[in-house]
Student: 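Got a structure here, written out as structure tokens. Questions coming.
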Number of protein chains: 2
Amino acid sequence: MTDTKNQSQSYHHGNLTRVLIDTALEIISEQGTKDLSLRKIAKRAGVSHAAPYRHFKDKNAILGAVARQGFDMMLRQTEKRIAKSKGNELDHFAISGLSYINFAVNYPAHYRVMFGTRAENSYFSDELKPESIPVFKLLRDIIMVCQEKGLLKTGDPQEMALAAWSIVHGFAMLRIDHHLPDQGMDEKKLRELQRSVVLTLYSGLRPE
Amino acid sequence: MTDTKNQSQSYHHGNLTRVLIDTALEIISEQGTKDLSLRKIAKRAGVSHAAPYRHFKDKNAILGAVARQGFDMMLRQTEKRIAKSKGNELDHFAISGLSYINFAVNYPAHYRVMFGTRAENSYFSDELKPESIPVFKLLRDIIMVCQEKGLLKTGDPQEMALAAWSIVHGFAMLRIDHHLPDQGMDEKKLRELQRSVVLTLYSGLRPE
DNA sequence: AAAATAATGTTGACAGTGTAAACATTATTT
DNA sequence: AAATAATGTTTACACTGTCAACATTATTTT
């Protein structure tokens, strides 16, 4: 038993699993999802091009790991923002949406892997189904609390969560894929826009 | 000058350009965007693997043509639905959004090509910039008319169009990429959900 | 009509891809 | 110390996008 407090030095390479995921993310961030190749990952990690197969079933399995890590990060960031806020539950609702978009904007590569096409990307296991992802449970819970306090209108919370989710996902996607009209929009203007869009539409969920 | 009423029989093959686009769409519909290869297209079109290069600069150019055709279809379908409706302008607004989602659901492969990642897919020319796409002009115009008649609240129509767009794009994307919680949702339930989500959120755009 | 040219299609090549099999090495267990 | 499992490498294969060289056919020019 050697070095239990730090298992970064295991077997031959030194837990390649972790390194491969991180390297994949690096490359995705630099060159996009499309140019990600197993061989590039392996080369940058300093191993032969077939080494990753001892740690992942195939290329998709690495992307799955990246997606899982992304959902983790998203959850932590959202929880942190909510904890820092001094507002009421309705504010938490707004924060969760804005935080969601912020994550997408800050980690677009990550986000795209997380929300790729299920049918085309076999890395989407059951574990990555929306129902079982903590961030969405969080969103739904917030909505339920708001409903109890009369801050949001009544209705199926699952459905309302879905509505809220549609907005932020839609805006985030349009934003990171550069499908927004960009006539003289700097960073600041975009953030205002984002805030305005989300709040406007969320107001459709308020009590009559 | 031969056969002016039908130019399907030109040069060697018979306007390959058109055939290649259609074949690309066929394959995308059957096997997804990810498995689309130039060589498959060429083979199915009955030409050699390099023939497409006489008609398109590269693979992305074909996807660009597919995207353009998609925007055309989307526009025509939306206009048709609006023309058929007997409601007022506010109804037209709702219809445009629902029609948008319907297009995405009916032609998911097409839709994904139309809204791929700009940075990663070089087929996005200026011509495909959102500002210059007729469907979005249509949406904005409808909003402006609604505002004049007091059916929607005041505010920058471009921004409101963007808000409306975010919802439908978000819902459409989640739907076609199968990121919706699917606990016992059949086709009918999904359409209700879709209607409910859009109308609920659009109500955030109504006058105070 | 014949010759020249442009348009279109084919073949062969190249580097890059994912993945599997055979082999090599090192750590762990017996 | 021997046996075994875990990990890494090499080689190979079929497939990809793209280019260059060549072949054929249509169009234009003479």
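Note that this is a predicted model, so its numbers are computed, not measured. Chain identifiers are assigned alphabetically (A, B, ...) following the order of the sequence lines, protein sequences preceding nucleic acid strands; residue numbering begins at 1 within each chain.
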Student: Check A:Asp141 with A:Lys137, please: is the shortest side-chain N to carboxylate O separation under 4.0 Å?
Tutor: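 Salt bridge flag = no for A:Asp141 with A:Lys137.
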Student: Side chain of B:Arg54 only, heavy atoms from C-beta on: which candidate in D:dG17, D:dA21, D:dC19 is closest?
Tutor: D:dA21
Student: B:Leu38 side chain: which of C:dA20, C:dG18, D:dT18 is closest?
Tutor: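 Nearest listed nucleotide: D:dT18.
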Student: Determine whether any donor atom in the side chain of A:His49 lies under 3.5 Å from an acceptor atom in the base of C:dT17, or the reverse, and answer yes or no.
Tutor: no
Student: To the nearest Å, give me how far apart NZ (B:Lys57) and P (D:dG17) are.
Tutor: 14 Å
Student: Expressed in angstrom and rounded to an integer, what is the separation of B:Leu16 atom CG from C:dA7 atom P?
Tutor: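 From B:Leu16 CG to C:dA7 P: 16 Å.
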Student: Got a salt bridge between B:Lys189 and A:Glu159, using NZ or NE/NH1/NH2 to carboxylate O under 4.0 Å?
Tutor: no
Student: Under 4.0 Å, heavy atoms only, any strand: does A:Lys40 hit a base, just the sugar-phosphate, or nothing?
Tutor: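 A:Lys40: backbone/sugar contact only, no base atoms under 4.0 Å.
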Student: Could you tell me how far apart A:Lys43 (NZ) and D:dG8 (C1') are, to the nearest whole angstrom?
Tutor: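 For the pair A:Lys43 NZ and D:dG8 C1', the rounded distance is 17 Å.
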Student: Rounded to whole Å, please give me the gap between CG in A:Leu63 and P in C:dG18.
Tutor: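 Taking CG of A:Leu63 and P of C:dG18, I get 10 Å after rounding.
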Student: With both distances under 3.5 angstrom, what nucleotide forms a Watson-Crick or G-U wobble pair with C:dA21?
Tutor: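 Result: D:dT10.
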Student: Between C:dT11, C:dA20, C:dG9, which nucleotide has the shortest distance from any of its atoms to the side chain of A:Tyr53?
Tutor: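 For A:Tyr53, the side-chain atoms sit closest to C:dA20.
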Student: Measure the distance from NZ on B:Lys34 to C1' on C:dG18 and round it to the nearest whole Å.
Tutor: 12 Å
Student: Do B:Ser85 and B:Asp91 pair up side chain to side chain, a donor and an acceptor below 3.5 Å, judged on atom types alone?
Tutor: no
Student: Tell me which nucleotide, if any, is Watson-Crick or G-U wobble paired with C:dT30 when both distances must be under 3.5 Å.
Tutor: D:dA1
Student: Going by an N to O cut-off under 4.0 Å, is there a salt bridge joining A:Glu30 and A:Lys40?
Tutor: no
Student: For DNA chain D, whose closest nucleotide is more 5', that of A:Ser48 or that of A:Arg39?
Tutor: A:Ser48
Student: Could you tell me the separation between the CZ atom of A:Phe56 and the P atom of C:dT19, rounded to a whole number of Å?
Tutor: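 Answer to the nearest Å: 13 Å.
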Student: From CG of B:Asn121 over to P of D:dG17, roughly how many Å is that when rounded to an integer?
Tutor: 14 Å
Student: In Å, rounded to the nearest 0.5 Å, how long is the span from CG of A:Leu36 to CD of A:Glu26?
Tutor: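 A:Leu36 CG to A:Glu26 CD: 11.5 Å, rounded to 0.5 Å.
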Student: Mind calculating the distance between NZ (B:Lys59) and C1' (D:dC15) to the nearest angstrom?
Tutor: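 Whole-Å distance recorded here is 12 Å.
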Student: Applying a 3.5 Å limit to both distances, which nucleotide forms a Watson-Crick or G-U wobble pair with C:dT5?
Tutor: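 Across any shown strand, C:dT5 pairs with D:dA26.
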